[in-house]
> 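The following block contains the structure, expressed as structure tokens.
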Amino acid sequence: MGEDERVRKVWLSVSVGVVLCLSFVALLVLGTYMVAGNLASGAGRTVGLAQGAVPAAYQGLVQRWGNLCPAINPALLAAQLYQESGWNPKAQSPANARGIAQFIPGTWATHGVDGDKDGDRDIWDPEDAIPSAAAYDCSLARYVKDVPGNATHNMLASYNAGAYAVIKYRGVPPYRETQNYVKRITTLAKSFEAPVQPVASSQQAAGAIYFAQDKLGTPYLWGGNGTPEQNGRFDCSGLTKAAYHSVGIELPRVANDQWNAGPHPKRSELLPGDLVFFAYDLGDPRSIHHVGIYVGGGYMINAPYTGAVIRFDKIDTPDYIGATRVTQDGANAARRANSV
């Protein structure tokens, strides 16, 4: 049986399982999924930052300094900052890396710049640290500019393993940590991009919805992961995590970390299986407080709140911040970014 046939069978079981009062939603799910191939003609090139992907306080800085040299772009710079600090300007690691860009004081002393032109170079100030991160990337890129291969990959490898290793191996060195770092940052960058075309649909989306639909009517449990001890109950991100786990994709546990598990389609480009998110501050993805699984026609399956059950709800509410089209690589990158 081919992949297309399996997907069609899953969707037939999805539509059959919906109770009569919600049958119109099942039809929307099926119809929207059937046109997915026509809508998703491929991912576009980065032309900027996706709306809401970067906290508003830093979006201008990332957009400006992310174009400092050809080896970087705003989405890539955003991915590095997210990986380093999760947008926390007060972050400090056990290794004494400091600030939103996690500079070691010794590196800062030689590469820190006065980005805001106020007369000092403050490692804790994002208006200095973000420009410094971009300048450091570009400095590394210039150092390895004669190395064959992808200039951005070589720059990222230099950031992780040192420029000498990149020069020695004539490209990304054969270190697992470095190769994983390059893949993680370039994958995370896709979750910050504003693509010029609809992004590719998820092959696992139908199975994720099938799992979530099977849980309709289950009472909500804050912190619920669906374990037997919890009587199979979920909270919002527990449900989405379990749904994608059922198709072999491991999402981060928390909703605002799941936001970075893939690229962000526009509202008009949503497909069944996309994660849809809701935030207190539409300019700051760190304020995301809820997530559901889009099923088509403006509806999602979600675990809403204590006292409610898993159900269908409309997504068009004032706190809707956007959506993520989950990918295997995106989920892996987002999970690992939050484990370091």
Side-chain angles (χ1 to χ4, degrees), residues 54-145 147 151-169 172-173 175-186 188-189 192 257 260 284 286 333-334 336-340:
V54 171
Y58 310 126
Q59 184 163 345
L61 286 166
V62 173
Q63 185 69 56
R64 175 187 173 192
W65 290 95
N67 290 299
L68 186 61
C69 68
I72 65 172
N73 61 59
L76 191 85
L77 180 59
Q80 286 185 287
L81 295 167
Y82 174 74
Q83 159 77 33
E84 293 299 329
S85 68
W87 303 112
N88 180 4
K90 298 181 180 178
Q92 184 164 0
S93 77
N96 201 27
R98 303 176 181 181
I100 196 168
Q102 288 292 277
F103 273 99
I104 299 292
T107 305
W108 180 262
T110 55
H111 293 282
V113 301
D114 180 12
D116 56 6
K117 307 298 182 184
D118 65 353
D120 71 348
R121 299 180 302 146
D122 185 352
I123 197 171
W124 299 105
D125 184 355
E127 294 195 4
D128 290 341
I130 291 175
S132 297
Y136 185 45
D137 282 346
C138 292
S139 175
L140 290 171
R142 287 191 299 272
Y143 200 80
V144 297
K145 64 182 177 61
V147 175
T152 297
H153 292 182
N154 289 340
M155 177 275 292
L156 290 170
S158 299
Y159 185 96
N160 180 263
Y164 174 77
V166 174
I167 295 170
K168 175 183 177 182
Y169 288 102
V172 178
Y175 309 151
R176 178 175 296 181
E177 177 187 343
T178 302
Q179 293 176 345
N180 287 342
Y181 178 80
V182 172
K183 182 176 182 179
R184 182 163 64 248
I185 296 300
T186 53
L188 278 174
F192 294 97
D257 293 332
N260 290 105
D284 188 353
R286 294 173 302 175
R336 289 166 183 162
N338 288 279
S339 67
V340 296

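The basis for the numbers below is simple: all heavy atoms, side chains too, and nothing from hydrogens, waters or symmetry mates.
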> Ignoring hydrogens, what is the shortest heavy-atom contact between A189 and A75? Give both atom names and the distance.
O-CB, 3.4 Å

> By ring-ring contact (aromatic ring centres under 6.0 Å, His included), which residues pair with W108, not counting sequence neighbours?
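So W108 forms a ring-ring contact (aromatic ring centres under 6.0 Å, His included) with F103.
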
> Of all residues at least two apart in sequence or in a different chain, which pass the ring-ring contact (aromatic ring centres under 6.0 Å, His included) check with H111?
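With sequence neighbours excluded, H111 shows a ring-ring contact (aromatic ring centres under 6.0 Å, His included) to Y136, given in chain and number order.
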
> Once you round to the nearest 0.5 Å, how far does CG of L76 lie from CG of L81?
10.0 Å

> Could you tell me whether a side-chain N or O of S85 sits under 3.5 Å from a main-chain N or O of A101, the two making a donor and an acceptor?
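Absent.
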
> Got D128 and D116 here, is their nearest side-chain heavy-atom distance under 4.5 Å?
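Sidechains of D116 and D128: in contact.
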
> Who are the side chain to side chain donor-acceptor pair (under 3.5 Å) partners of N160, not counting sequence neighbours?
T178

> Would you say that I100 contacts Y58 through its side chain, given a criterion of any heavy-atom pair below 4.5 Å between the two side chains?
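The answer is yes, as the side chains (C-beta and beyond) meet within the 4.5 Å cut-off.
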
> Under the side chain to side chain donor-acceptor pair (under 3.5 Å) rule, collect the residues that match up with D137, sequence neighbours excluded.
Q80

> Kindly give the heavy-atom pair with the smallest separation between D114 and G119, and that separation in Å.
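Taking every non-hydrogen atom into account, OD2-N, 2.9 Å.
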
> Is any side-chain heavy atom of K168 closer than 4.5 Å to one of P173?
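No, too far: nothing below the 4.5 Å cut-off.
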
> S93 pairs by side-chain contact (heavy atoms from CB on, under 4.5 Å) with which of R98, Q102, E84?
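Looking at R98, Q102, E84, the match for S93 under the side-chain contact (heavy atoms from CB on, under 4.5 Å) is Q102.
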
> Taking only residues two or more places apart in sequence, or in another chain, which ones meet Y181 in a ring-ring contact (aromatic ring centres under 6.0 Å, His included)?
Y159

> Compare every heavy atom of A129 with every heavy atom of I123, then report the nearest pair and how far apart it is.
O-CB, 3.9 Å

> Return the set of residues passing side chain to side chain donor-acceptor pair (under 3.5 Å) with R121 (not counting sequence neighbours), or none when no residue passes.
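Testing R121 for side chain to side chain donor-acceptor pair (under 3.5 Å), a comparison that skips the adjacent residues, returns none.
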
> With R64, which residues qualify under salt bridge (Lys or Arg N to Asp or Glu O under 4.0 Å), at least two apart?
none

> Which residues pass the ring-ring contact (aromatic ring centres under 6.0 Å, His included) test with Y175, not counting sequence neighbours?
Y169

> With sequence neighbours left out, write down each residue that passes side-chain contact (heavy atoms from CB on, under 4.5 Å) with P70, or none if nothing qualifies.
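For P70 there are no side-chain contact (heavy atoms from CB on, under 4.5 Å) partners, ignoring immediate neighbours.
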
> How long is the span from the CG atom in L188 to the OH atom in Y82, to the nearest 0.5 Å?
7.0 Å

> Using the salt bridge (Lys or Arg N to Asp or Glu O under 4.0 Å) criterion, which residues pair with D122? Sequence neighbours excluded.
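Partners of D122 under the salt bridge (Lys or Arg N to Asp or Glu O under 4.0 Å) test: none.
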
> Please evaluate residues V172 and N154 with respect to the criterion side chain to side chain contact (heavy atoms under 4.5 Å, CB included), reporting the C-alpha separation (whole Å), side-chain torsions for both, the decisive distance (0.1 Å), and the verdict.
CA-CA 6 Å; V172 178; N154 289 340; 4.1 Å; yes

> Counting only N and O atoms by type, is there a donor-acceptor contact under 3.5 Å from the side chain of R286 to the main-chain atoms of W87?
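Checking the backbone N and O of W87 against the side chain of R286, a donor-acceptor pair under 3.5 Å is found.
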
> Using the test side-chain contact (heavy atoms from CB on, under 4.5 Å), find all partners of C69 that sit at least two apart in sequence or belong to another chain.
A71, I72, C138

> Which residues satisfy the side-chain contact (heavy atoms from CB on, under 4.5 Å) test with Q59, sequence neighbours excluded?
L49, V54

> Please examine the side chains of I167 and Y143, heavy atoms only from C-beta on, and report whether any two atoms are closer than 4.5 Å.
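Yes, side chains in contact.
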
> Got a second to check how far I185's CD1 is from H153's NE2, nearest 0.5 Å?
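Reported value, rounded in 0.5 Å steps: 11.5 Å.
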
> If you measure from CG on D125 to CG on D118, what distance do you get to the nearest 0.5 Å?
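Result: 6.5 Å between the selected atoms.
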
